[in-house]
Every structure is written in C-alpha cells, then in structure tokens.
Amino acid sequence: MQRLVIVSNRVPAVRDRKQPAGGLAVALRAAVQDHPCLWFGWSGQQIGGDGADRTLSVDTVGNVTYATIGLTHKEYNGFYQGYSNGILWPLCHYRAGLMNYSRHDQQIYASVNTLFATRLAPMLKPDDMVWVHDYHLFPLGKALRDLKVKARIGFFLHIPFPPWSLMRSLPEAPALMRDLRAYDVIGVQTEDDARNMNEAFAVLGIPAKARVFPIGIDPDSFAACAREGQSLPQVQRLRQDLRGLPLIIGVDRMDYSKGLPERLRGYDTFLKRYPEYRGKVTYLQITPVSRGSVPEYQSLRAELDQIVGHINGTYGAFDWTPVRYLTHPLPRELLAAFFQLSSAALVTPLRDGMNLVAKEYVAAQVPENPGTLILSRFAGAAADMEDALLVNPHDSDEIAAALHKALSLSGSERRVRWERLRAEVWRVTAASWARSFIAAMSEVRTA
Ligand code: ADQ
C-alpha cells in the first residue's frame with residue numbers, strides 16, 4: 001500500500017488528532033483511513049530566535065504520523081500573515097485592492113517553502129504520493145524537485161483562482177505559475193477556477209493543466225451531529241426562546257470574503273421593505289474572529305459591530321432583538337443542531353472556493369421540514385447547487401427578496417428543492433473528493 005504524504009500549512013493540533021474538529025482534517029479523514037500516512041506542516045507554534053535549532057516533532061496516532069515544525073516570529077509575519085493572508089488571499093478572492101504587497105514578505109514566503117522542502121525531502125520515499133494543500137505552498141513542489149524528489153506530487157488549491165488579468169497584478173505571478181509545473185496533478189474547486197488557471201498557463205506558454213476536484217463534507221456524520229445535537233440544553237433553550245418564530249442563520253469565519261456587511265445590509269433592507277417581519281423573525285449570525293491581527297480583519301470587525309448595532313437599535317424592541325451576533329466558534333453538534341432549527345441560512349460570500357457551510361446546512365435538515373438555503377452565486381458551491389435561492393451578495397434588494405421568498409415557500413416546494421440539494425451533497429463528499437484526487441495521482445507514471 002502506497003504511503004500518502006499530506007502537506008498543509010497547519011497540521012491538526014495534537015488534541016484534534018483522534019477526533020478531528022473541522023476543515024481539512026475532517027475532509028481528509030477518509031483518505032487518511034485508506035493509506036499509511038505522513039502529515040507534514042507547521043505546528044501552529046511560534047518559536048524564538050532565528051530557527052537555526054528548530055526541531056521536528058513527530059507523533060503517531062493510528063496509521064497517521066504527524067511531523068511538524070515551528071515558525072519564527074519573522075516567518076510567521078512574513079510567510080503566514082504577510083504574503084499568504086495579506087497578499088495571496090485577497091488577490092485570489094478578486095480583491096487586488098486589499099493586497100498589502102511587500103517584496104520582503106515574498107522573500108520570506110519563498111524561504112519558508114524552501115524550509116518545508118528541506119525538512120520534508122529526507123522523509124520521502126520514491127513511491128510516496130505527496131499531496132500539497134493550498135496557497136501557502138504554491139512553490140513547494142518546485143522546491144522539492146530542486147532537492148531531487150522523484151515521488152509523485154499533487155497540489156490542490158482550496159480558494160478561487162482569479163482571471164489572469166487580475167492575478168498578474170502580483171509581481172511574482174508568472175514565477176508562481178511556472179513553479180506549478182513541478183506538480184503531476186493540479187486540482188481546483190470549480191470549472192471557473194480551472195478555466196482561469198489554464199488561461200494563465202496558456203498565456204505564459206506553460207505546459208500544465210488544472211483539473212476540477214470539488215470538495216464536499218462528510219454528510220452522514222454532519223447529519224448525525226444535527227440529530228444528536230437536538231438534545232443539547234442550549235438547543236432546547238433557543239427553541240423555547242423563538243416561540244415558534246422562524247430563525248435565519250449565518251455561520252462564517254470573520255473574513256471579508258464572506259460578504260458579512262453586505263449580508264447584514266440585505267437583512268436591514270428586508271426589515272425595511274417587509275415590515276410585517278419585524279418582531280416575527282430572528283437572525284443568528286455566528287462569526288468567530290479569525291486572523292485578528294491583520295488590519296483589514298480589525299476594520300471588518302468594527303464595521304460589523306457598527307451595522308449590527310445599527311439594525312438592533314433601529315428595529316429592535318424591548319422584547320425583540322433582530323440580530324443575535326456571536327464572535328466565537330461553537331461546537332459542531334451545536335452548530336449542526338442550530339442549522340436544523342433554522343428556516344433559512346444566509347451563505348452569501350463575495351467569493352469562496354467552495355463553502356462547506358452551504359453543504360453542512362443542507363446535510364443538517366430533516367425531510368419533514370427542511371429549511372431553505374440562500375446562496376451566493378459567487379461561492380464555488382453554487383455551481384452544483386442551483387436549487388438553492390441564488391443571489392448576488394452585493395445586491396441587498398435581492399437578499400431581502402430571497403429572505404422573503406425563503407420564509408414564504410410552501411412545505412412541498414421546500415422539500416423539492418432540498419431533496420435535489422441533498423442528492424448533490426451526498427454525491428460529492430469529502431471522501432469522494434479525496435478518492436478522486438488520489439486516483440488522479442495514482443494514474444501518473446513515476447519517472
Ligand atoms: P473556509 O474559508 O474556512 O475554507 P468553509 O468552506 O465555509 O470556509 O469552511 C468553514 C468550516 O468552519 C466549516 O466546516 C464550518 O462549519 C466551520 N465553522 C465556520 N464558522 C464556525 C463557527 N462559528 N463555529 C464552528 N465552526 C465554524 C476554505 C475555503 C473554502 C473551501 C474550504 C475547503 O475558503 O472556500 O470550501 O477551504 O476547501
């Protein structure tokens with residue numbers, strides 16, 4: 001059995017290794033079960049000094065060996081906060097104007113990729129399948145090839161890839177594209193992303209090709225969470241509190257790509273245009289703070305505080321709060337149970353690679369009384385979820401109309417939409433995603 005080597009910026013924390021908590025760890029669980037596995041990346045820890053005496057921590061749980069290294073403060077700032085999250089993230093989400101471009105950060109990004117390669121290469125065997133994840137590690141394949149690594153190497157980009165006319169505003173974009181040649185398989189989430197990336201390859205005369213591998217969730221386990229979560233005391237309290245009135249839910253990391261101010265303005269428009277809902281509906285937005293030390297994220301937080309305050313101050317009553325707003329994460333079971341309790345979900349990113357929340361919302365519903373998904377056309381998930389109420393997240397009137405429609409659909413209409421969405425969420429799962437990417441890597445002949 002071939003070994004699978006996963007490389008990602010963050011490796012699941014020690015406490016999550018038995019029961020992964022979310023994100024990539026959950027998505028990869030199926031793949032990891034089928035293969036002996038080495039998972040390499042950053043430990044999440046910052047270390048003092050210049051990193052010269054950096055150690056590799058190794059920990060094995062079941063068939064997975066986790067190998068991690070720390071990053072110095074300088075590396076954390078330049079590689080992670082600076083180049084990955086301050087430059088590549090906004091650019092790939094079509095927000096070139098938010099890039100804080102810095103050549104200094106670019107150099108640290110390149111050097112951390114080289115560091116990853118230098119520490120990983122000695123652990124690799126020629127028949128390993130190496131699967132590299134996401135924008136933090138675009139150049140890693142090339143850095144491994146420079147060290148004569150012969151194993152198959154694949155790359156999956158979890159976030160969108162913009163048109164070349166936009167991407168090229170990054171000075172290193174041509175070099176990053178050339179580095180991608182080192183990979184045997186290049187995967188992206190949607191046809192749009194593949195078209196954009198392949199256009200860039202064509203313009204630059206690079207013989208490489210991106211292919212589409214849409215990611216999904218583990219719907220059975222999420223549905224089980226939603227069922228089991230119903231007995232949690234918090235769920236019973238929320239249900240009592242709602243007194244039978246409909247709940248609208250939003251769950252997103254606090255990120256400007258998620259369209260949160262625009263969504264709240266849509267809800268504001270909804271309460272303005274359809275005053276009959278005042279006092280008759282509750283919107284619960286759960287938005288844990290992320291990347292809190294990047295300035296754009298701090299100003300987003302202030303903006304959200306302001307809009308939520310404005311809506312609650314304008315429409316609220318002594319016995320009714322229009323928006324309930326939390327800035328901390330919730331346990332999965334509670335989240336899933338809240339999804340089941342809600343009549344509608346607002347998933348309205350301005351851009352999103354896929355958006356797993358949309359799929360989780362569908363998985364958490366029950367056939368007797370399914371809720372309605374309101375989904376941005378610009379989420380990767382929209383490509384295969386046409387039975388959601390699709391909206392332009394910039395258009396507050398369209399969001400308001402979709403909310404009105406979601407809350408007025410008949411039971412049979414909701415069921416028809418949900419059944420089709422459900423089929424899709426069970427068709428493309430985390431397991432099928434991992435299996436098809438690994439199958440594509442297996443088909444590649446080694447040198
Ligand atoms: P993210 O941008 O993090 O992922 P998403 O796909 O929605 O976005 O996944 C977020 C995950 O975090 C979901 O599993 C969700 O349940 C969980 N989560 C969100 N808010 C939470 C809260 N308040 N409490 C607890 N859990 C919460 C990136 C890309 C996406 C792509 C994924 C996977 O940006 O486009 O779908 O990777 O490839």
Side-chain angles (χ1 to χ4, degrees), residues 6 8-10 12 16 20-29 31 84-85 88-95 131 133-136 155-162 187-190 192-193 212-219 221-223 225-226 229 234 249-260 284-291 297 304 324-340 342 345-364 373 375-376 378-385 425 428-430 432-434 437:
I6 295 168
S8 59
N9 167 50
R10 281 295 282 275
D16 296 331
L24 195 57
V26 170
L28 286 168
R29 182 159 45 185
S84 299
N85 289 335
L88 290 174
W89 177 272
L91 181 59
C92 287
H93 287 86
Y94 294 60
R95 304 288 288 276
W131 189 3
H133 290 266
D134 234 359
Y135 58 102
H136 316 85
F155 176 78
F156 184 78
L157 183 65
H158 289 258
I159 65 174
F161 191 87
V188 291
Q189 301 271 25
T190 67
D192 277 355
D193 301 322
V212 180
F213 298 89
I215 197 169
I217 61 167
D218 178 349
S221 87
F222 203 82
C225 270
Q234 297 95 317
I249 196 162
V251 171
D252 316 72
R253 269 189 315 105
M254 191 181 287
D255 194 293
Y256 49 76
S257 66
K258 303 293 181 186
L260 294 161
L284 173 61
Q285 177 63 48
I286 306 168
T287 302
V289 175
S290 74
R291 305 176 191 171
Y297 290 75
L304 292 174
R324 300 185 187 190
Y325 174 56
L326 315 181
T327 54
H328 48 82
L330 291 185
R332 269 185 110 54
E333 276 201 350
L334 196 53
L335 214 55
F338 284 174
F339 282 159
Q340 193 174 102
S342 334
L346 279 168
V347 182
T348 57
L350 305 181
R351 282 287 156 190
D352 218 328
M354 178 55 65
N355 194 296
L356 298 180
V357 172
K359 299 190 174 191
E360 290 168 352
Y361 182 73
V362 169
L373 174 65
L375 178 63
S376 161
F378 309 126
D384 292 314
M385 297 182 96
V425 169
V428 176
T429 62
S432 72
W433 166 74
F437 194 93

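Numbering starts at 1 and runs along the sequence shown. Whatever order the structure lists ligands and atoms in, that order sets their numbers, starting from 1.
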Next item on the list: Say whether, by atom type as modelled, one donor and one acceptor occur between the side chain of Q189 and the main chain of I159 under 3.5 angstrom.
Entry: no
Note to self: Main chain of M254, side chain of S290: is a donor-acceptor contact present, judged purely on distance under 3.5 Å?
What the structure shows: yes
Notebook entry, point to check: Atoms of ligand 1 less than 4.0 Å from P329 heavy atoms?
Noted result: 22 (C), 23 (N), 24 (N)
Margin query: With heavy-atom distances below 4.0 Å as the criterion, list the atoms of ligand 1 near L335.
Written below: 16 (O), 24 (N), 25 (C), 26 (N), 27 (C)
Next item on the list: Would you check whether H158 has a nitrogen or oxygen atom less than 3.5 angstrom from a nitrogen or oxygen atom of ligand 1?
Entry: yes
Next item on the list: Would you check the N or O atoms of L330, main chain and side chain alike, for any that come under 3.5 Å of an N or O of ligand 1?
Entry: yes
Next item on the list: Determine, using heavy atoms of W89 and all atoms of ligand 1, whether some pair is separated by less than 4.0 Å.
Entry: yes
Item checked: pair D252-Q285: side-chain heavy atoms closer than 4.5 Å -> yes
Item checked: Check: N355/Y361 side-chain N/O donor and acceptor closer than 3.5 Å -> no
Check: When you check the side-chain N and O atoms of D255 and S257, is any donor under 3.5 Å from an acceptor?
Finding: yes
Next item on the list: Report the part of I215 in contact with ligand 1, treating N, CA, C, O as backbone and CB onward as side chain, heavy atoms under 4.0 Å; options are side chain, backbone, both, neither.
Entry: side chain
Check: Should one rank Q189, K359, K258 by closest heavy-atom distance to atom 8 (O) of ligand 1, which comes out on top?
Finding: K258
